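Quick notes on the structure that follows.
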Number of protein chains: 2
Amino acid sequence: MSDYEHTCMIRGDGGKTLRAILDQICNKWTLLIVATLDQSRVRFTDLQHQIPGISQRMLTLTLRNLERDGLVDRTVHAEVPPRVEYELTPTGKSLLPPALALAGWALQHVPHIEASRAAYEKRSQAAIG
Amino acid sequence: MSDYEHTCMIRGDGGKTLRAILDQICNKWTLLIVATLDQSRVRFTDLQHQIPGISQRMLTLTLRNLERDGLVDRTVHAEVPPRVEYELTPTGKSLLPPALALAGWALQHVPHIEASRAAYEKRSQAAIG
DNA sequence: CGGGATCCAATACGATACTG
DNA sequence: CAGTATCGTATTGGATCCCG
């Protein structure tokens, strides 16, 4: 499918559901969690450590949403202390390439964007003064 | 760069700036606007029509952010009535492929995700009842 | 250890009214 | 036409406490 066809479908009217799903994929933590689950199954606490800054609450909520959408599998081991592991489903893994592509783009353009922001702020200041 | 290297860089500590930028790209309207600017320069009102559901306020705000980040150029024509056109900068255009890849993924998996959600709700109901 | 429940602050967003 | 300003609501997310 060409880029142009993509844009047409994105803009299409039926796109309300699509927008909702895009919103959910593109929130603050989803991409990070998916990226972190790339290699293997990971425990809850390990996830929390590997994603600095995420709160327990948001980790739980985001994982539940991913589970609900069939992108992540949750395995509870009947042990004491309890052990819960998360891993990507095949669908979840299929999200990896585009997700990493976007993240890679952001990574590449951080310097450019920061410079552009600085220049913009400077212009704003100049306009005021 | 391999997927694995990508994930390492995403998870890295310096990632606070990266996360902030990813957040901004992945908000409710940015991807839609970028996708809509794909082909050519578009006027403010036309953008509003091509992105059903966006409010004037959010269109303005998001466009300003994109301009600030150097992804969109704003051209004001000295006419009456005024005419303002927006177009992607080269950096903005470079965002197009990964953005469309993600949107394409979402599009492909809408049915699967909706089915998974329905099944999940059903399980939850069963657990309650 | 994993995570549910609650409270609270920040902010994102929409609706409306006004302007050059 | 292309915004800006203001207001009110809805959502997001962190902090904290508690529980099996």
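Quick caveat, the model's predicted, so the values are computed rather than measured. A, B, ... follow the sequence lines: proteins, then strands. Residue 1 opens every chain.
Of the N and O atoms on the side chains of A/Thr30 and A/Asn27, at least one donor lies less than 3.5 Å from an acceptor on the other residue.
Mapping A/Arg83 and B/Gln56 onto DNA chain C via the closest heavy atom, the residue that lands nearer the 5' end is A/Arg83. Both A/Pro82 and A/Asn27 lie close to DNA chain D; mapped to their nearest nucleotides by heavy-atom distance, the more 5′-ward contact belongs to A/Asn27. Two residues, B/Phe44 and B/Asp23, neighbour DNA chain D, and the one matched to the more 5' nucleotide by heavy-atom proximity is B/Phe44.
Salt bridge annotation for A/Arg74-A/Glu87: absent, with no cationic side-chain nitrogen under 4.0 angstrom from a carboxylate oxygen.
In the hydrophobic clustering of ILVMFWY residues, with side-chain heavy atoms under 4.5 Å counting as a link, A/Leu61 and A/Val76 come out together.
Put simply, the residue from B/Val34, B/Thr91, B/Leu66 that forms a side chain to side chain contact (heavy atoms under 4.5 Å, CB included) with B/Val72 is B/Leu66. Screening B/Val84, B/Val42, B/Leu32, B/Ile54 for a side chain to side chain contact (heavy atoms under 4.5 Å, CB included) with B/Leu47, the sole residue that qualifies is B/Val42.
What separates CZ of A/Arg43 from C1' of C/dG3 is a distance of 14 Å, to the nearest Å. Atom CD1 of B/Ile54 and atom P of C/dG14 are 8 Å apart (whole Å). We find that NE2 of A/His77 is positioned 11 Å from P of C/dG3, with the value rounded to whole Å. In this structure, the CZ atom of B/Arg57 is 6 Å from the C1' atom of C/dC13, given to the nearest Å.
Checked by atom type and distance alone, the side chain of B/Thr62 never pairs as donor or acceptor with a backbone atom of B/Trp29 at under 3.5 Å.
Nucleotides of DNA chain D with any atom under 4.0 Å from a heavy atom of chain A span, from 5' to 3', D/dG13 to D/dG20.
The aromatic rings of B/His112 and B/His109 lie perpendicular to each other, with more than 60° between the two planes, well past the 30° mark.
For the pair A/Gln24 and A/Asn65, the minimum side-chain heavy-atom distance is below 4.5 Å.
For the segment residues 60-76 of chain B, no residue has any heavy atom less than 4.0 angstrom from an atom of DNA chain C.
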